[in-house]
Participant: 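Below you will find the structure I want to go over with you.
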Amino acid sequence: MIRDHIADLVTSAVDLAIADGLLPDIPFPEPDIERPKETEHGDYATSLPLRFARSAGKKPMEIAEIIVNTFAEDPIIFAPEVSNPGFLNFRLTTTWLQEQVEVISEKGENWADLNLGQGSKIQIEFVSANPTGPLHVGNGRGAAIGDTLAAVLTAAGYDVSREYYINDAGSQSAAFVETLYARYQQILGRDVALPENGYPGEYMIEIAQKMVENHGEGYLAELGMPPDVQFGEHGTSLMVEYIRNTLSAFGVQYDTWFSESTLYEEGVWDEVKGILGGSNQLIERENALWFTSSELGEDKDNVVIRSDGRPTYYASDIAYHFEKFAKRNFSRVIDVWGADHHGHVERLKIATNAVVGHECDLQVLLYQLVTLKRGDEIVRLSKRSGEIITLDELIEEVGSDAARFFFLLRSPNAQMEFDLELAVKKSNENPVYYIQYAHARMASILERAREDGRELLKGDVNLLQQAHELALIRQMLRLPEVIEQVAKTSEPHHLARYAIDFATAFHIFNDAFKQLGDPSMKVLTDDPELTAARLKLVSTARSVLARCLQLLGMSAPERM
RNA sequence: GCCCCCGUAGCUCAACCGGAUAGAGCGACGGACUUCUAAUCCGUAGGUUGCAGGUUCGAGUCCUGCCGGGGGUACCA
């Protein structure tokens, strides 16, 4: 990557200056290469002279001058310019920029891919909402973040596995089954009440109806008696099916749907209990079994087996993460959770390390909750209250692309407000169309060129010299850096922001002829050589934007 | 009480490891269609980055204290 290249050049220059006795022979700061905000400050910059000034005992500007003088000649970047109060600004050579069009066009769609992960196995678990009701808008945020993060990490060279954890063993699941059975009986004419802590939502009637359609009265037990366990299993799998369909409509496909129940059926929990018991980390108190997490720095111990003998979700989660690291050997695991689970993070990490026996690379990515508004009215997100805004409804109203982009545009740790009225009413103002329109315009130009019988990839890139052409090339070159940034920070919103910047660069490029009133600025002109060069640029830019949209999980329309 | 996230333009949000004149979109105002689709472009206005200190060459970013919003602090998940 260019940044590393520049850092190397700076390091060499400083080394040379030290060897020549121009700078003192002491350790110097890392030459951090950043992207300046102001274009006047070049393509890249470093503040190394400022940070080196104190220990070197010289003025920043003086150090900057010395580095410029010892800077090696390079085909990619010009010698740096010194700028007050002590920055070094770097500019890419035009020749190299032009060549990149050739390079990108040859490497194709995966041009920006990296090898940061070196093929290591990484799992991303996201959404994992209880199968007790339809996904709501908040789950959509987790879905968009998790899925795009997975896509970017794949592009960054990791062997990524997407996973959904089905909580089908806990008390919420039991409440779901009880409610479903009550609805089932009601449909079949029995006068029974819904359970107190059940799920009153309308969707339960639909699922119960489906159970009747599929199985008739087959699951009806004696009045007052619970149904066969298969009733619950079938009901839950129907619910999971709904969830799977919603996510599929949202563009999310999982590699694994992992059932919590199997942790008990296949003895994983027993194994975990054995390990923790063997190291005296479990204690019986008040008829319950506790994990002595306070011994490991937690505020308190936590119950793993309730006094009635049922395991808590904490027990499940320990077993589950033991399974991820010790059984399936993921070298790294990322759990994407809503911020309301924050209190669970530390104790899960502690327990996982304790049971696996070494420090595990477990990262929990928290995203802040989505507040729903309808005008001025705040809508509470809760499956229990019955009234929820489902992800299905959101997709229906604004479309999958717009919904995804809306979520991806925000940093995970920013709370976001979602005004449903606005989302519907102003859907055409969603920036998603701005980006997709850029792609459609490129496709349209290329289509027209093909109709004219022009070659798209034969042009001479050295003819690309206009400021707006070079600006577009510069934007393309950012993609690998953005992929690296997202992979390192687990913050997909940088990619969404980049997509907007890229679209802007293209729109400016595309409208330059109108702005300047000069038809020779168009892509398709009377000059066949220039046209060929620009077509190659547009063709390359289109593939870069398409890749970007693909990583964001959005479509890249040919026309709009 | 304690722990975590947030507070930036009228609104929704950015700002890469502490960098240069804090940026976009929407909204407001004023321009550009004889088009390669104007779902676009160009321009103007809009800020004491919640408040008060501190650290340093430099703070929206780090530290301390307050104020405000959200979440957590269960034998719910």
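Each chain gets a letter, A, B and so on, in the order its sequence line appears, and its residues count up from 1.
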Participant: In whole Å, I'd like the distance from the NZ atom of A/K300 to the C1' atom of B/G72.
Facilitator: 11 Å

Participant: Answer yes or no: does a side-chain N or O of A/T371 lie under 4.0 Å from OP1 or OP2 of B/G70?
Facilitator: no

Participant: Identify whether any heavy atom of A/A440 sits under 4.0 Å from a base atom; if not, whether one sits that close to sugar-phosphate; answer base, sugar-phosphate or nothing.
Facilitator: base

Participant: Judged by each residue's nearest nucleotide on RNA chain B, which is more toward the 5′ side, A/L524 or A/S128?
Facilitator: A/L524

Participant: Using a cut-off of strictly less than 4.0 Å, decide whether A/Y44 has a side-chain nitrogen or oxygen near OP1 or OP2 of B/A20.
Facilitator: no

Participant: Please give the distance between the P atoms of B/C67 and B/A28 as a whole number of Å.
Facilitator: 39 Å

Participant: Keeping to residues at least two apart or across chains, list the salt bridge (Lys or Arg N to Asp or Glu O under 4.0 Å) pairs with something in residues 430-444 of chain A.
Facilitator: A/R441-A/D511

Participant: Return each pair, listed once, that meets salt bridge (Lys or Arg N to Asp or Glu O under 4.0 Å) where at least one residue sits in residues 525-534 of chain A; pairs must be two or more places apart or across chains.
Facilitator: A/E469-A/R534

Participant: Quick one about A/E260 and A/S316 (side-chain donor to acceptor, distance below 3.5 Å, no hydrogens or angles considered), yes or no?
Facilitator: yes

Participant: Using a 4.0 Å heavy-atom cut-off across all strands, classify A/E40 as base, sugar-phosphate, or nothing.
Facilitator: base

Participant: Nearest heavy-atom pair of A/W257 and A/L247: which atoms, and what distance?
Facilitator: CH2-CD1, 4.1 Å

Participant: Mind telling me if B/C67 is syn or anti? Syn here is a glycosidic angle within 90° of 0.
Facilitator: anti

Participant: Can you name the salt bridge (Lys or Arg N to Asp or Glu O under 4.0 Å) partners of A/E178, sequence neighbours left out?
Facilitator: none

Participant: Which part of the nucleic acid, if any, lies within reach of A/A53 when heavy atoms closer than 4.0 Å are counted: base, sugar-phosphate only, or nothing?
Facilitator: nothing

Participant: Please state how far atom CG in A/D501 lies from atom P in B/G23, giving the value in whole angstrom units.
Facilitator: 14 Å

Participant: What nucleic acid atoms does A/H507 come within less than 4.0 Å of, heavy atoms only: base, sugar-phosphate, or nothing?
Facilitator: sugar-phosphate

Participant: A/E346 CD to B/U73 P: how many Å, rounded?
Facilitator: 15 Å

Participant: Which residues pass the salt bridge (Lys or Arg N to Asp or Glu O under 4.0 Å) test with A/D401, not counting sequence neighbours?
Facilitator: none

Participant: Send over the distance from A/N302 CG to B/A77 P, rounded to a whole Å.
Facilitator: 12 Å

Participant: Once salt bridge (Lys or Arg N to Asp or Glu O under 4.0 Å) is applied, do any residues pair with A/R454, and if so which ones, sequence neighbours excluded?
Facilitator: none

Participant: Which part of the nucleic acid, if any, lies within contact of A/M521, taking any heavy atom under 4.0 Å across all strands shown: a base, the sugar-phosphate backbone alone, or nothing?
Facilitator: base

Participant: Please give the distance between the C1' atoms of B/U61 and B/C5 as a whole number of Å.
Facilitator: 15 Å

Participant: Between B/U37, B/A77, B/C41, which nucleotide gets closest to the side-chain atoms of A/R347?
Facilitator: B/A77

Participant: Tell me which nucleotide among B/C75, B/G71, B/C13 gets nearest to the side chain of A/L369.
Facilitator: B/G71

Participant: I need the CD-C1' distance between A/Q172 and B/A77, as an integer number of Å.
Facilitator: 6 Å

Participant: Rounding to an integer number of angstrom, what distance separates B/G23 and B/U64 when you compare their C1' atoms?
Facilitator: 30 Å

Participant: Looking only at atom C1', what distance separates B/U8 and B/A14, rounded to whole Å?
Facilitator: 10 Å

Participant: How is A/H344 classified with respect to the nucleic acid when contacts are heavy atoms under 4.0 Å: base, sugar-phosphate, or nothing?
Facilitator: nothing

Participant: In residues 307-316 of chain A, which ones come under 4.0 Å of RNA chain B, going by heavy atoms?
Facilitator: A/S307, A/Y313

Participant: Polar atom pairs between nucleotides 16-19 of chain B and protein, under 3.5 Å, N or O only, would you list them?
Facilitator:
| from | atom 1 | to | atom 2 | distance (Å) |
| --- | --- | --- | --- | --- |
| B/C16 | O4' | A/Q485 | NE2 | 3.3 |
| B/C16 | O2 | A/R3 | NH2 | 3.2 |
| B/C16 | N4 | A/R35 | O | 2.7 |
| B/G19 | N7 | A/S47 | OG | 3.0 |

Participant: Find every protein N or O atom lying less than 3.5 Å from an N or O atom of nucleotides 3-6 of chain B, and list the pairs.
Facilitator:
| from | atom 1 | to | atom 2 | distance (Å) |
| --- | --- | --- | --- | --- |
| B/C4 | O4' | A/H342 | NE2 | 3.1 |
| B/C5 | O2' | A/Q368 | NE2 | 3.4 |
| B/C5 | O2' | A/N413 | O | 2.7 |

Participant: Could you pull out the closest heavy-atom pair between A/L524 and A/A449, with the gap in Å?
Facilitator: CD2-CB, 4.0 Å

Participant: Hey, does A/S411 reach any base, or is it just sugar-phosphate, or nothing, if we go heavy atoms under 4.0 Å?
Facilitator: sugar-phosphate

Participant: Atom CZ of A/R478 to atom P of B/A15: distance rounded to whole Å?
Facilitator: 12 Å

Participant: Taking the same atom, P, in B/C16 and in B/G70, what whole-Å distance lies between them?
Facilitator: 27 Å

Participant: Please give the distance between the C1' atoms of B/A22 and B/G58 as a whole number of Å.
Facilitator: 15 Å

Participant: Are A/Y437 and B/A39 close enough that a side-chain N or O sits under 4.0 Å from OP1 or OP2?
Facilitator: yes

Participant: For a quick test of reading the model, state the closest non-hydrogen atom pair linking A/F407 to A/A144 and the distance between them.
Facilitator: CB-CB, 3.9 Å

Participant: With sequence neighbours excluded, tell me which residues meet side-chain contact (heavy atoms from CB on, under 4.5 Å) with A/S444.
Facilitator: none

Participant: Taking only the C1' atom of each, what is the distance from B/G27 to B/U44 in whole angstrom?
Facilitator: 15 Å

Participant: Can you tell me the distance, in whole Å, between the CD1 atom of A/I500 and the P atom of B/A39?
Facilitator: 18 Å

Participant: Base, sugar-phosphate, or nothing: which does A/A45 touch, judged by heavy atoms less than 4.0 Å apart?
Facilitator: base

Participant: Tell me what A/E30 touches on the nucleic acid: a base, only sugar-phosphate, or nothing, going by heavy atoms under 4.0 Å.
Facilitator: nothing

Participant: Any chance the side chains of A/D317 and A/H344 put a donor and an acceptor closer than 3.5 Å?
Facilitator: yes

Participant: Checking all strands, does A/N89 fall into the base, sugar-phosphate, or nothing category for heavy-atom contacts under 4.0 angstrom?
Facilitator: base

Participant: Tell me the interatomic distance from A/E417, atom CD, to B/C26, atom P, rounded to whole angstroms.
Facilitator: 20 Å

Participant: Who passes salt bridge (Lys or Arg N to Asp or Glu O under 4.0 Å) against A/R141, sequence neighbours left out?
Facilitator: none

Participant: With sequence neighbours left out, which residue pairs that include part of residues 163-173 of chain A fulfil the salt bridge (Lys or Arg N to Asp or Glu O under 4.0 Å) condition?
Facilitator: A/E163-A/R328

Participant: Using a 3.5 Å limit on both distances, find every run of at least three consecutive Watson-Crick or G-U pairs that involves RNA chain B.
Facilitator: B:1-7 with B:67-73, B:10-13 with B:23-26, B:28-32 with B:40-44, B:50-54 with B:62-66

Participant: Around atom CZ of A/R35, are there more than 12 heavy atoms from other residues, nucleotides or ligands closer than 6.0 Å?
Facilitator: yes

Participant: How far does the C1' atom of B/G72 sit from the matching atom of B/A77, given to the nearest Å?
Facilitator: 13 Å

Participant: So for atom CD, which belongs to A/E196, do other residues, nucleotides or ligands contribute more than 12 heavy atoms lying within a distance under 6.0 Å?
Facilitator: no

Participant: Which nucleotide wins on minimum distance to the side chain of A/R410, given the candidates B/A20, B/U12, B/G72?
Facilitator: B/U12

Participant: How is A/K488 classified with respect to the nucleic acid when contacts are heavy atoms under 4.0 Å: base, sugar-phosphate, or nothing?
Facilitator: nothing

Participant: Between A/S539 and A/L457, which heavy-atom pair has the shortest distance, and what is it?
Facilitator: OG-CD2, 3.7 Å

Participant: Just by distance, with hydrogens left out, do A/S171 and A/Y313 show a side-chain donor and acceptor under 3.5 Å apart?
Facilitator: no

